[in-house]
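Notes to accompany the following structure.
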Amino acid sequence: MASITVPTIAGIGLAATGVAHFVAPDAFRSITEPAFPKDTRTWTYRNGASELVIGTAIAVPATRQVGLVALAGYLGFLGYRMATAR
């Protein structure tokens, strides 16, 4: 039996958070609205999709490096949005 690694667990957690954006989008409104004040609901879904895809990529060893690069880009994008959405 293969052991589950920390990156696999983190990827699954991020992917699950992405799914939660679709199941309970209102739970993410207060987090999403400051960075995306216009069309917050659409951006909640977009962020959920991004987290689902990136998390899945991180969870799978064969795509982990690409997933980590995507995560860095995604975090940079979110940081940029937070800084400029005022």
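These figures come from a predicted structure and were not determined experimentally. Nothing fancy with the numbering, it's 1 onward along the sequence.
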Quiz prompt | Residues, nucleotides or ligands: over 12 heavy atoms within 6.0 Å of R41 CZ | solution =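 Correct, the count exceeds 12.
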Quiz item: Got more than 12 heavy atoms from elsewhere within 6.0 Å of OH, Y80?
Solution: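 Not buried by this count: 12 neighbours or fewer within 6.0 Å.
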Quiz item: Is R64 reaching over with its side chain to a backbone N or O of A57, donor-acceptor style, under 3.5 angstrom?
Solution: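 Flag not set: sc R64 to bb A57 has no pair under 3.5 Å.
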Quiz item: So, for F22 and Y45, which heavy atoms are closest and what is the spacing to 0.1 Å?
Solution: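 Result for this residue pair: CZ-O, 3.4 Å.
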Quiz prompt | Least distance between heavy atoms, E51 atom then Y74 atom | solution =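 It is OE2-OH, 3.0 Å.
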Exercise. Any chance you could measure F28, atom CZ, to T40, atom OG1, to the nearest 0.5 Å?
Key: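 Here the interatomic distance stands at 14.0 Å.
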Practice problem: Find the distance between CZ (R46) and CG (D39) and round it off to the nearest 0.5 Å. | Solution: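 Taking CZ in R46 and CG in D39, the distance rounds to 6.5 Å.
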Under 4.5 Å between side-chain heavy atoms, counting indirect links through other Ile/Leu/Val/Met/Phe/Trp/Tyr residues: same cluster for [X] and [Y] or not?
X	Y	result
I54	L75	yes
F77	V69	no
L52	V23	yes

Can you tell if the side chain of [X] reaches within under 4.5 Å of the side chain of [Y], non-hydrogen atoms only?
X	Y	value
F36	I31	no
T56	T63	no
L14	L71	yes

